[in-house]
Structures are given as C-alpha cells and as structure tokens.
Amino acid sequence: MTERLSDVTTGTDTSAPGRDSVEAPEVAESRKTTEGTVYTVTGGDWDEVLADAVHDERIVMNLGPQHPSTHGVLRLVLELEGETVTHARSVIGYLHTGIEKNLEYRNWVQGVTFITRTDYLAPLHHEAAYCMAVEKLLGVTVPDKAQAIRVLLMEINRISSHLVALATGGMELGALTGMTSGFREREEALHLLEHLTGLRMNHAFIRPGGLAQDLPDDAVEKITAFVKIMEKRLPDYDKLLTGQPIWRNRLAGVGYLPVDACLALGITGPILRSAGLAWDLRKIEPYCGYENYTFDVPTSNAADCFARYLLRLEEMHQSLKIIKQVVKSLPTGPVMVEDAKIAWPAQLTIGSDGMGNSLEHVRKIMGQSMESLIHHFKLVTEGFKVPSGQVYVPVESPRGELGYHVVSDGGTRPMRVHLREPSFVNLQSMPAMCEGGMVADVIASVASIDPVMGGCDR
C-alpha cells in the first residue's frame with residue numbers, strides 16, 4: 001500500500017516506476033489542462049529547511065495556513081525537538097489582494113472602499129487615517145462635529161476589534177465560553193455601527209473632508225444603551241477568564257517580549273504597552289481632537305500574553321469612557337467641508353428602502369441648475385484633484401501604529417499609497433516569542449499578537 005504513495009517531503013513519485021525516473025529539472029514542471037498550461041512550483045527555501053532535517057532528530061511541522069488557530073491564512077513553519085520549538089518562521093501572502101496598487105486606479109473617494117478591506121476588523125481606523133492623509137494634502141480642516149463622530153466610531157470599532165481578539169484567543173485555548181461571549185458582545189457593537197453608518201463592516205462612512213452623512217436622530221439614545229450593556233458585561237470577563245487558573249497558566253510567562261525587543265522590531269500597540277512603554281498615538285500625537293478627552297493608557301511590565309489580554313480588556317473600558325465624553329459634548333454643525341470642489345452639492349441621505357438616495361437628495365442636486373448637475377456628475381465620476389505632494393499620517397489602531405503614506409501627482413487619483421500596517425510589523429515578533437517554548441505556547445503567542453492577515457497581505 002505504501003509503495004503507491006508519494007513522498008510528501010519532496011513531492012516525487014516513490015512508486016516502482018517512479019524510483020527510476022530522472023532527477024527533477026531546474027525549471028518548474030508543467031502540464032496541459034483545458035484552462036491552459038499549469039506550472040508546479042515548489043516552496044523554495046522551505047524545501048531546504050525540510051531537507052536539512054531529514055538526517056536529524058528535528059521535526060519540521062507546518063501550522064496553517066488553513067489551521068483555525070493561525071488567525072486566518074497564516075502559515076507557520078516550526079522546527080521542533082520533541083515539543084520544544086527551536087526555530088519558527090511565518091509565511092504570508094496567501095490572502096494577497098493588491099489593495100495598495102488598486103488605489104492607484106480609483107479616485108480619492110473611491111479609495112475609501114478599498115482600504116477598509118485591509119484590516120477588516122478595524123475598517124474605521126483605516127478610513128480615518130486615509131482620509132486624514134488626503135485632507136492634509138488638500139489643506140482642508142474637517143468640521144468639529146465630523147472630528148468628534150470619527151472619534152466615536154473609532155472607539156466603538158476598537159471595542160469590537162478587541163472583542164474578536166479575546167474571543168478567538170479563547171477559542172484557540174479551549175475557553176469556548178469566552179469565544180461565545182466575545183462574539184455576543186461584538187454583535188452589540190456591530191449592530192450599533194450598522195445603525196450609525198448603514199453597514200456592519202467596511203463602512204466607507206468617513207470620507208475626505210468629513211463624513212458621508214450625519215448620524216441618525218436617535219444616535220445618542222442608541223449609543224447610551226450600548227455603553228450601559230458593555231459596562232454591565234465587560235466585568236464578566238474578569239469573572240470568566242482573569243481569575244481562571246487554567247487561563248492564567250496558559251498565558252502567564254508565555255510569549256515574553258521585553259521593551260528593547262519591541263523597539264528593535266518596531267512593535268507597537270498592546271504588545272509594546274504590555275512591556276511597559278505607554279506609547280499611544282492618541283496621547284503622544286493627538287488627532288481628531290483626542291486631546292480634548294480624558295482617558296488612561298494602561299501598561300504592564302509583565303510583557304507576556306496574560307498582560308496583553310488584561311490590557312485589551314482595560315482598553316475597552318477606556319474606550320467606553322471616551323465614547324461617553326463624545327456623546328456628552330457632541331458639537332453641532334456640518335459634517336463635511338463647505339468647499340464645493342470637494343463636497344457633493346447635496347448632503348447624502350438614504351432612501352426609504354435603505355439603499356438608494358432619498359428624493360430630497362436627488363431634488364437638491366437636479367433642481368438647482370444644469371451646471372450644478374454637471375458638477376455633481378463630474379465630482380462623482382472623475383473626483384476632485386489633490387495638490388502634488390506626499391504625507392504620512394499615523395493613527396492608533398487596535399493593533400498599534402497604522403500609518404498611511406500617500407503620494408499625489410496633482411491628479412484625481414493617488415500616485416502611490418503605502419500602509420504601515422501593524423499586523424504586518426507585529427508579526428515579526430512571533431519567532432522571538434515562540435522559539436524556546438512549547439508548541440502549545442505558539443498558539444497563545446500568535447493569539448496575543450492578534451494579526452489580521454488582510455493587513456499583512458494588503
């Protein structure tokens with residue numbers, strides 16, 4: 001029976017006829033199909049890693065990219081001696097979407113719908129950072145109400161993202177009640193975001209110059225109800241997980257990464273703050289009016305997985321604190337700049353079906369003048385021009401410093417957009433956290449990094 005199987009380490013045929021075949025050529029093998037020629041390409045240096053371990057006591061194990069504990073399509077190549085990890089590598093690229101390149105072929109407003117697909121757990125942070133970069137190139141100042149609403153939406157989004165980190169981490173370590181509770185609370189956040197913006201995810205609500213539209217009339221009532229629910233339920237996580245000895249033993253002392261290692265690797269977010277450095281861009285380089293709100297930046301000196309869990313839990317409490325302050329001091333006025341070269345002639349409002357434009361919106365555009373209608377048509381289809389230049393604008397996403405480096409050549413489309421994505425940068429810490437530990441600790445370490453592969457493979 002075994003003679004008919006292939007050698008999985010090399011991909012060669014080890015059956016009787018196959019043993020006598022010539023060595024594989026240097027070029028990729030190909031075969032003809034109905035769809036055209038298909039080439040078989042091997043794994044490059046990964047084959048060398050496997051070959052080195054053939055005559056050794058080491059075992060090379062693939063974890064992912066389909067494994068539910070790797071937070072999406074992340075592949076980990078682990079070299080083991082017994083159950084101890086001696087060498088770890090991360091392999092990315094399985095979710096590549098070319099979002100950065102696609103932005104070069106869309107106008108500045110259309111770009112908002114692309115960047116939300118990178119870190120799909122924190123789309124509103126991407127929308128804010130991208131739009132702030134465009135606004136910096138334009139030289140415009142966003143109205144105060146739009147700034148406050150941006151803060152509000154980002155903090156709700158931060159809560160929903162951290163809940164996914166806790167829920168998936170709980171699932172991967174066997175705390176299934178933590179998973180069901182986390183996703184239950186996340187539904188509350190997504191329901192609220194859907195009511196405020198029209199969509200649960202990938203909102204495209206924050207636009208260059210402000211917002212797509214104002215909040216609904218009952219927004220304050222809905223937000224207040226959400227805060228009350230979360231203030232009641234968040235303490236339950238302390239009862240469920242924080243004091244649980246199994247949970248603590250699985251996380252405490254695991255995935256250790258001190259502050260000097262974080263700085264050497266460019267690690268930001270909860271991982272850096274768990275090592276004792278209170279680096280939070282909302283405090284260090286305030287944006288969107290964060291300097292007007294009172295909140296704390298929680299830190300720890302433990303620098304392990306348990307500290308990162310505690311910090312994310314505390315950061316949700318701080319986000320609720322910010323949300324209450326925004327609601328209490330929400331300014332009045334417009335939510336989009338008055339510049340007719342940037343803003344649409346009429347404030348966008350949704351029709352009764354929840355999909356199309358309202359009749360009032362259409363009448364406002366079409367009833368003013370033919371010139372106004374032509375201007376609206378060109379503004380929507382071609383977009384506005386952005387002065388030449390390049391900027392870098394960072395924000396504090398749930399995973400750390402999210403930066404947009406945007407280059408304009410003076411046209412209606414970006415010349416280049418490059419993301420400083422925290423999931424991509426933070427993933428560098430995986431080998432430092434895992435090597436020397438057990439296989440089971442790899443799962444806890446990756447969960448504490450909380451990578452989103454859409455951001456890695458953008």
*Identify the residue among R420, E100, Q390 that makes a side chain to side chain donor-acceptor pair (under 3.5 Å) with H405.*
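Looking at R420, E100, Q390, the match for H405 under the side chain to side chain donor-acceptor pair (under 3.5 Å) is Q390.
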_Passing option when E155 is tested against Q325, R150, K321, R282 for side chain to side chain donor-acceptor pair (under 3.5 Å)_ =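 The option that passes is R282.
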*Does M453 reach the side chain of H71, with side-chain heavy atoms less than 4.5 Å apart?*
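No; the side chains remain at least 4.5 Å from each other.
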One thing to verify: whether [Y] and [X] come together as a salt bridge, which I'm taking to mean a side-chain N less than 4.0 angstrom from a carboxylate O.
{"X": "K324", "Y": "E231", "result": "yes"}
{"X": "R273", "Y": "E396", "result": "yes"}
{"X": "D450", "Y": "R308", "result": "no"}

*Which heavy atom in V327 sits nearest to a heavy atom in T224, and how many Å separate them?*
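Closest pair (atom of V327, atom of T224, distance): CG1-OG1, 4.5 Å.
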*asked:* Test of understanding: with salt bridge (charged side-chain N to carboxylate O under 4.0 Å, His left out), list the residues that count as partners of E185, not counting sequence neighbours.
replied: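 With sequence neighbours excluded, E185 shows a salt bridge (charged side-chain N to carboxylate O under 4.0 Å, His left out) to R233, given in chain and number order.
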Check residues 188-195 and write down every donor-acceptor pair under 3.5 Å in which the side-chain atom is one partner and the other belongs to a residue at least two apart or another chain.
| from | atom 1 | to | atom 2 | distance (Å) |
| --- | --- | --- | --- | --- |
| H195 | NE2 | D218 | OD1 | 2.8 |
| H195 | NE2 | D218 | OD2 | 3.3 |

*Validate the cation-pi geometry between R413 and Y105: distance from NZ or CZ to the six-membered ring centre under 6.0 Å, angle to the ring axis within 45°.*
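Output no; distance or angle outside limits.
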*CH2 of W247: more than 12 outside heavy atoms within 6.0 angstrom?*
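Counting other residues, nucleotides and ligands, CH2 of W247 exceeds 12 neighbours.
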*Pairs satisfying side chain to side chain donor-acceptor pair (under 3.5 Å), at least one member in residues 292-305, at least two apart*: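 Every candidate side chain to side chain donor-acceptor pair (under 3.5 Å) pair involving residues 292-305 fails, so no pair, neighbours aside, qualifies.
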Going by distance alone, is a donor N or O of one side chain under 3.5 Å from an acceptor N or O of the other, for [X] and [Y]?
{"X": "N426", "Y": "S429", "answer": "no"}
{"X": "E127", "Y": "H203", "answer": "no"}
{"X": "R75", "Y": "N62", "answer": "yes"}

